[in-house]
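Note sheet for the following structure.
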Amino acid sequence: MSSALLALIVFVFAAATTPGPTNVMVSASGANFGYWRTIPHILGTMVGLPGLIVAIGLGLGQVFLAYPALHEALRWAGSAYLLYLAWRIARAGQPRSGGGGGRPLTFIQAALFQWVNPKGWLASVSALAAFSTRPQHYLADALIVAGVFFAMVFLSTSAWCLFGAAIGRLLASPRALAWFNGSMSALIVASIALLFV
């Protein structure tokens with residue numbers, strides 16, 4: 001294994017496993033719905049983030065450089081969607097007992113969320129800037145970066161979901177689950193606030 005590939009794997013591991021909107025949402029989904037019902041969310045994230053990386057590699061990043069207002073609009077839209085998802089998490093009940101409503105994100109919702117996820121954009125652009133070192137092979141490098149993210153996102157979101165599912169088993173009372181959901185929701189709102197500070 002080359003040192004560049006090893007460095008990329010370490011970078012992607014750090015980017016994929018640290019707390020962020022996706023990992024918080026997957027944990028909350030695991031706590032509320034269990035691992036198996038969260039699988040579409042995990043798979044959507046696995047496809048959405050590498051898809052974003054490939055799109056940036058194909059020139060989407062240049063579009064945003066040429067039209068910064070478009071990027072700013074995406075940032076605001078992404079923040080609004082994150083607030084909506086935080087609200088959904090805060091209102092999630094205990095579906096296993098029939099209380100509350102809600103359902104986990106679908107494959108499509110999770111994949112599209114990556115396109116408005118600020119941490120996803122930051123990780124994608126940073127990885128491409130740092131690990132696309134061959135200008136004549138930029139797209140090939142982008143595909144390698146996307147492939148490493150594809151594998152690592154599965155591992156990290158599965159781990160975060162299993163963590164949430166384990167906590168969900170401990171949160172037997174509706175009050176404890178409401179507290180956990182409120183905490184997860186607050187973390188998402190805090191991550192949005194950090195974008196604008």
Side-chain angles (χ1 to χ4, degrees), residues 9 11-55 78 80-121 123-124 127 145-192:
I9 291 170
F11 173 85
V12 173
F13 175 80
T17 58
T18 54
T22 295
N23 290 337
V24 170
M25 289 177 0
V26 167
S27 291
S29 185
N32 287 282
F33 306 108
Y35 180 79
W36 295 109
R37 286 189 63 197
T38 306
I39 289 285
H41 185 162
I42 292 170
L43 296 176
T45 302
M46 282 176 62
V47 171
L49 188 58
L52 174 63
I53 291 167
V54 171
Y81 188 59
L82 277 171
L83 287 173
Y84 164 72
L85 291 173
W87 175 78
R88 271 185 59 181
I89 289 170
R91 290 182 33 101
Q94 288 183 307
R96 296 179 200 105
S97 64
R103 59 177 172 71
L105 286 184
T106 66
F107 174 88
I108 297 294
Q109 288 171 324
L112 292 177
F113 171 70
Q114 300 314 306
W115 289 69
V116 295
N117 178 0
K119 182 184 174 194
W121 274 91
S124 299
V145 170
V148 173
F149 267 97
F150 181 83
M152 197 62 69
V153 163
F154 173 73
L155 296 173
S156 68
T157 53
S158 289
W160 278 91
C161 182
L162 290 169
F163 168 74
I167 286 179
R169 282 190 223 102
L170 299 174
L171 303 173
S173 75
R175 184 176 180 175
L177 187 59
W179 181 87
F180 176 78
N181 288 339
S183 299
M184 295 295 101
S185 180
L187 285 173
I188 292 173
V189 172
S191 73
I192 297 167

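We're numbering straight along the sequence, starting at 1.
- For Cys161 against Val26, the heavy-atom pair with the smallest separation is CB-CG1, 3.3 Å.
- Under the side-chain hydrogen bond (donor to acceptor under 3.5 Å, both in side chains) criterion, Thr22 pairs with Gln114, Asn117, not counting sequence neighbours.
- With sequence neighbours excluded, no residue satisfies side-chain hydrogen bond (donor to acceptor under 3.5 Å, both in side chains) with Ser185.
- Scored by the side-chain hydrogen bond (donor to acceptor under 3.5 Å, both in side chains) test, Thr17 finds no partners at all (sequence neighbours excluded).
- Pairing each heavy atom of Val145 with each of Ala127, the nearest pair is CG1-CB, 3.7 Å.
- Counting heavy-atom neighbours within 6.0 Å of Phe107 CZ, excluding the residue itself, gives a total above 12.
- Remark: Val148 pairs with Leu5, Leu8, Ile9, Val12 by the side chain to side chain contact (heavy atoms under 4.5 Å, CB included) rule, at least two apart or across chains.
- Nearest approach of Ala123 to Phe11, heavy atoms of both residues: O-CE2, 3.9 Å.
- Within the 3.5 Å criterion, the main-chain N or O of Ile53 finds no donor-acceptor partner in the side chain of Ser124.
- Closest non-hydrogen pair, Lys119 versus Gly20, comes out as CD-CA, 3.9 Å.
- In this structure, the side chain of Asn32 engages the main chain of Ala28 through a donor-acceptor pair within 3.5 Å.
- Ser29 places no side-chain N or O within 3.5 Å of a backbone atom of Thr38 that could act as its donor or acceptor partner.
- Counting all heavy atoms, side chain and backbone alike, Trp115 lies closest to Ala55 at CH2-CB, 3.3 Å.
- Scanning for side-chain hydrogen bond (donor to acceptor under 3.5 Å, both in side chains) contacts around Ser183 gives an empty result, with sequence neighbours left out.
- Thr18 and Ala15 make their closest contact through OG1-O, 3.6 Å (heavy atoms, listed as atom of the first residue, atom of the second, distance).
- Legend: residues meeting ring pair (Phe, Tyr, Trp, His ring centres under 6.0 Å) with Phe180, ordered by chain and number and at least two apart, are absent.
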